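Here's the structure, in structure tokens; my notes come after.
These figures come from a predicted structure and were not determined experimentally. Worth knowing before you read on, the calculation uses all heavy atoms, side chains too, and leaves out hydrogens, waters and symmetry mates. Start at 1 and go down the list; that is how both ligands and their atoms are numbered.
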Amino acid sequence: MSSLNLVSFDACPFVQRAAILLEEQGREYDITYIDLRNKPEWFLAISPSGKVPVLKVDDTSIFESAVILEYLDETTEQGRLLPSDPLGRAQQRMWITYISNIMGKAWQLQSSSEEEPVRNVAKEIRGHFEELAKNISESGPYWSGENYSMVDASIAPILQRLTWAETLEPSLGLFEGIPKIAAWRDALLARPSTTSSIVPDLEQRSGHMLHSMNSWIARNFAV
Ligand SMILES: N[C@@H](CCC(=O)N[C@@H](CS)C(=O)NCC(=O)O)C(=O)O
């Protein structure tokens, strides 16, 4: 069996997507943490964009979180998360791409140093949540209903971070009035793969990092 090594940055939600799937699949893997402010040469040699995650499969490297998820899904001995019919697969991929765009906005929300851009991007994120709410299964608790899917693994890290962002700045109201997204979030945050795929003190580390970057939402974070 191939060895798996996830090259990671401790607070990265894109890395967490891959870690969630590895946890869901019960696969053995190692994690190598790097400092993104001081990227090692060996990392730049395997990550042309200079971004994590990279999954090393023996001596071969795969970058881009959505591609890593698909590789893991195709090579698992457990049940696959992507559906077997091409249209079902296309639909999941399209929402995963949609969610990746929200992840960029969530980072703007966390890192902006002024209130106005944070409020503006919060409004955009709420708009995306409303769109997702129109498309999530009626029955829940997950995207497609009873069964956990690749869309769930893709969004969990960002729902987790935005929930935390709201504890820092409750007036953001990101989930207010969108009960389907709040319920989806609750189901995903209660799932063991979501909690076991992060470093235990993620909030503390993220809080320090954001505070040191003059993040507006982390302005009162106790350092
Ligand atoms: N599209 C990429 C995005 C990954 C990404 O943005 N990773 C961030 C950390 S969360 C990164 O490595 N940033 C380093 C940099 O841009 O220099 C993916 O899905 O894997």
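F9 has its ring centre no less than 6.0 Å from the ring centre of Y33.
For the atom pair CZ of R191 and CG of D186, the computed distance is 14.5 Å after rounding to the nearest 0.5 Å.
Shown here are the salt bridge (charged side-chain N to carboxylate O under 4.0 Å, His left out) partners of E64, two or more places apart in sequence or in another chain: there are none.
Sorted by chain and number, the residues within 4.0 Å of ligand 1 by heavy atom are C12, P13, F14, L36, K39, G50, K51, V52, P53, E64, S65.
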Below 3.5 Å, can you tabulate the donor-acceptor pairs from side chains in residues 212-221 to any protein atom, sequence neighbours excluded?
from	atom 1	to	atom 2	distance (Å)
S212	OG	H208	O	3.4
S212	OG	M209	O	2.7
S215	OG	Q110	O	2.7
S215	OG	I217	N	3.4
S215	OG	A218	N	3.1
R219	NH1	E169	OE1	3.2
R219	NH1	W216	O	2.7
R219	NH2	E169	OE1	2.9

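The main-chain N or O of L174 is found under 3.5 Å from a side-chain atom of E166 such that the two form a donor-acceptor pair.
Under the ring-ring contact (aromatic ring centres under 6.0 Å, His included) criterion, the residue pairs touching residues 141-160 are W95-W143, Y142-Y148, W143-W184, with sequence neighbours excluded.
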